[in-house]
Amino acid sequence: MLHILLILCTGLFIHCTEGTCTFPTSLTDGTWISAEKGNLQISGTSILKYPMDISGVATFDFNCIVQSDTTYLFQAVEFQNVFGVITRFFLCLDIHEVNGNVLTYFLGTEYDVFVRDFIFPLAEDIATMAQACNRATPYETHTFITLVKTGSVDDGSAPIKCPDDVLSVFDDVAIADQTCANSILDVCSNQTQMNFTLDAPCATEKTLATAGQYTCIHHITSGQTTYLSLWNNDASPTYQFSCFAFQRVDDVVTATETAKYCTATTDHVTPGTQDSVTGKTIVVNTPSQSCIAVGPTAASGPDAGVTINYNGLYALLLIPLYILLSLLILLILCCCCGYSKKKKKTTEKHRPESPIIVISKAETSNLKFGMRSELYMKRGHFGLFRPKKSLVIPSHPSFLPCVLPLPRVEPIYKDPFLLDEPATSTRTVEPLRTLKPPSSPGIGGLYSFDAVDDIMGR
């Protein structure tokens with residue numbers, strides 16, 4: 001009865017904690033293949049049918065109960081009665097998204113000898129993340145475990161181009177210190193695959209893939225060593241994944257192959273051990289062909305050498321030229337604008353507004369002088385010559401000293417045609433021939449000007 005209550009309580013706890021975790025977007029429901037555990041079923045935030053090596057238990061179903069950033073704490077639905085004590089099991093994973101079909105994760109729990117797995121057991125209690133995620137951090141970057149969506153390798157969506165240091169055809173291959181005659185490593189025919197062609201004496205020393213064919217899935221570089229996760233293309237592989245750790249110096253590539261994934265001690269000269277199987281040491285050299293490509297075009301064929309996408313190089317070369325040309329045009333425009341503004345500023349001077357002096361009347365003042373003109377003489381009007389239209393003279397102070405009152409004009413002799421004389425006048429009219437013109441030139445030699453005294457009334 002107590003066991004039944006514990007099962008119900010555990011189920012209720014898991015149900016209440018569902019939804020507190022959020023998996024990466026690409027980790028969708030379905031079957032995923034783990035480099036560590038093989039096929040896993042993902043449902044919501046649960047991992048179903050997780051393989052175990054506990055006596056009497058083949059798989060566990062784990063539900064996520066706590067999440068902290070990329071770290072997830074899972075609790076198994078199943079539990080064990082160990083000497084009358086209920087023991088629960090917890091799994092800690094640090095999950096990272098690579099692309100829509102590939103993820104990686106790190107085991108956050110130390111290996112437990114009793115469980116014989118990276119599982120944290122706890123009696124009669126619910127573990128916290130601090131308890132279950134007891135592996136020291138930061139994790140060794142090369143100990144990542146690859147998780148691939150089923151079918152994505154076959155349809156070509158998961159494979160990637162292999163690292164540049166192995167993009168060659170190597171004519172010499174040695175495995176476990178044994179040189180294999182007539183053996184090659186070809187990574188040029190298909191740049192997403194590493195294909196070993198092995199001959200004697202490598203009949204006994206081979207790679208972990210029987211056919212020697214792998215697909216590149218994911219890689220990272222730590223220090224001088226590159227760690228490459230490979231998919232075994234055998235029809236029924238013992239290990240679906242291998243970790244290929246390598247370094248290249250000149251034309252020699254020194255590498256190790258470890259089953260599943262690289263361990264903390266794995267490097268390019270020391271293979272790791274998984275399931276009591278020690279990995280392989282591999283050395284390849286004497287590249288007869290290089291297929292490193294700039295851009296999407298890859299080289300193939302015996303005379304291909306290095307293939308270069310010249311369009312991409314031309315585009316890169318044109319970028320600085322375009323920038324320099326743009327700067328030059330901008331500099332010219334700035335100079336032109338500055339010169340134009342300077343020229344306009346120096347040539348266009350503001351003329352001061354001046355009040356207008358209108359000369360329209362005979363009266364005088366300090367600013368106006370009147371003057372009218374008519375073609376005939378009329379009684380009561382002064383002077384003979386008066387303007388028909390008003391004369392407009394600016395009254396700027398610079399003009400005033402030059403403007404004098406209009407001169408008084410009067411005849412120097414008695415004009416017989418004066419209209420202001422009475423018609424009955426008995427005045428004697430002098431004949432025109434007896435009149436003498438004045439000595440001064442005047443206007444037509446007939447008039448004199450004494451403007452200042454007459455106009456001012458003196």
Side-chain angles (χ1 to χ4, degrees), residues 17 20-27 32-38 40 42 45-47 50-53 60 62-76 87-99 102-123 125-148 217-229 241-247 256 258-275 279:
T17 55
T20 59
C21 303
T22 302
F23 277 176
T25 305
S26 61
L27 189 56
W32 291 75
I33 304 172
S34 166
E36 178 204 16
K37 292 294 185 179
L40 298 176
I42 302 298
T45 56
S46 299
I47 303 176
Y50 189 88
M52 296 293 296
D53 195 19
F60 274 176
F62 284 95
N63 292 327
C64 182
I65 58 173
V66 179
Q67 176 187 357
S68 176
D69 195 13
T70 59
T71 302
Y72 300 81
L73 178 61
F74 298 85
Q75 177 179 335
T87 303
R88 298 180 179 86
F89 302 93
F90 300 88
L91 171 67
C92 183
L93 301 179
D94 185 9
I95 305 175
H96 299 268
E97 192 171 25
V98 176
N99 56 51
V102 178
L103 293 96
T104 60
Y105 65 88
F106 295 89
L107 295 169
T109 306
E110 289 286 358
Y111 185 84
D112 186 270
V113 178
F114 169 72
V115 181
R116 292 186 294 180
D117 207 329
F118 297 92
I119 300 293
F120 181 77
L122 186 62
D125 202 355
I126 304 299
T128 64
M129 185 171 286
Q131 291 174 312
C133 302
N134 55 10
R135 181 182 171 188
T137 56
Y139 308 128
E140 298 85 352
T141 56
H142 59 275
T143 59
F144 67 89
I145 300 172
T146 308
L147 187 64
V148 177
I217 300 297
H218 178 63
H219 67 87
I220 61 101
T221 299
S222 178
Q224 300 298 317
T225 304
T226 299
Y227 297 86
L228 173 61
S229 180
F241 287 87
S242 289
C243 177
F244 193 77
F246 69 92
Q247 282 189 15
T256 61
T258 302
K260 295 184 176 182
Y261 59 94
C262 282
T263 65
T265 59
T266 301
D267 59 23
H268 67 290
V269 294
T270 304
T273 299
Q274 297 281 12
D275 298 340

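- Between N63 and T45, every side-chain heavy-atom pair lies at or beyond the 4.5 Å cut-off.
- Put simply, CE on M52 and CZ on F89 are 6.5 Å apart, with the number rounded to the nearest 0.5 Å.
- S222 and T225 are not linked by any side-chain donor-acceptor pair at a separation below 3.5 angstrom, with hydrogens and angles left out of the test.
- Between S34 and Y105, the side chains place a donor N or O and an acceptor N or O closer than 3.5 Å (distance only, hydrogens not considered).
- Looking at heavy atoms from C-beta onward, E36 lies in side-chain contact with L107 at the 4.5 angstrom threshold.
- A distance-only check finds no donor-acceptor pair linking the side chain of T258 to the backbone of Y261 [under 3.5 Å].
- Using cut-offs of 30° and 60° on the angle between ring planes, the pair F23 and Y72 is perpendicular.
- Between I119 and D112 the shortest side-chain heavy-atom distance does not fall below 4.5 Å.
- Between the side chain of N134 and the backbone N or O of E110 there is at least one donor-acceptor pair closer than 3.5 Å.
- For the pair A127 and F90, the tightest heavy-atom approach, listed with the atom from each and the gap, is N-CZ, 3.2 Å.
- Of all heavy-atom pairs spanning A76 and F60, the tightest one is CB-CD1, 3.8 Å.
- Ring pair F246/F244 is tilted by interplanar angle, where 30° to 60° counts as tilted.
- Residues L103 and V98 fail the side-chain proximity criterion, which asks for heavy atoms closer than 4.5 Å.
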| message | Evaluate V148 against W32 for side-chain contact (heavy atoms from CB on, under 4.5 Å), listing each step before the verdict. | response | CA-CA 6 Å; V148 177; W32 291 75; 5.6 Å; no

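- At least one donor-acceptor pair closer than 3.5 Å links the side chain of D267 to the backbone N or O of V269.
- For the pair I47/I42, a side-chain contact is recorded, criterion being any heavy-atom separation below 4.5 Å from C-beta on.
- Scanning both residues, A259 and Q274, for their nearest heavy atoms gives O-CG, 3.0 Å.
- T146 and T104 are not linked by any side-chain donor-acceptor pair at a separation below 3.5 angstrom, with hydrogens and angles left out of the test.
- The two residues E140 and T143 come nearest to each other via the heavy atoms O-OG1, 2.6 Å.
- Rounded to the nearest 0.5 Å, atoms CD1 (I145) and SG (C243) are 11.0 Å apart.
- In this structure, the separation between OH on Y111 and CZ on R135 is 14.5 Å, given to the nearest 0.5 Å.
- Under the 30°/60° scheme for interplanar angles, the aromatic rings of F62 and F74 are found to stand perpendicular.
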| said: One pair to check against side-chain contact (heavy atoms from CB on, under 4.5 Å): L27 and L147. What are the steps and the verdict? | reply: CA-CA 9 Å; L27 189 56; L147 187 64; 3.9 Å; yes

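- With contacts defined as side-chain heavy-atom distances shorter than 4.5 Å, the pair F120/C92 does not qualify.
- Between atom SG of residue C262 and atom CD1 of residue I220 there is a gap of 8.5 Å, rounded to the nearest 0.5 Å.
- Q67 places no side-chain N or O within donor-acceptor distance of the main-chain N or O of L73, the cut-off being under 3.5 Å.
- When the options L93, T71, D94, I95 are evaluated for a side chain to side chain contact (heavy atoms under 4.5 Å, CB included) with F106, the one that passes is D94.
- Closest of all the heavy-atom pairs between H142 and T266 is NE2-O, 3.7 Å.
- Proximity of a side-chain donor or acceptor of T109 to a complementary backbone N or O of A132 within less than 3.5 Å is detected.
- When every heavy atom of K37 is checked against every heavy atom of P51, the shortest pair comes out as NZ-O, 3.1 Å.
- Side chain of S229 to main chain of H218: no donor-acceptor pair is present (N/O by atom type, distance under 3.5 Å, no hydrogens or angles).
- The closest donor-acceptor contact from the side chain of E97 to the backbone of S26 lies under 3.5 Å.
- At least one donor-acceptor pair under 3.5 Å links the side chain of R116 to the backbone N or O of D53.
- Side-chain atoms of Q131 do not come within 3.5 Å of backbone N or O of C133 as any donor-acceptor pair.
- A salt bridge links D275 with K260: the closest approach of a Lys/Arg side-chain nitrogen to an acidic carboxylate oxygen falls below 4.0 angstrom.
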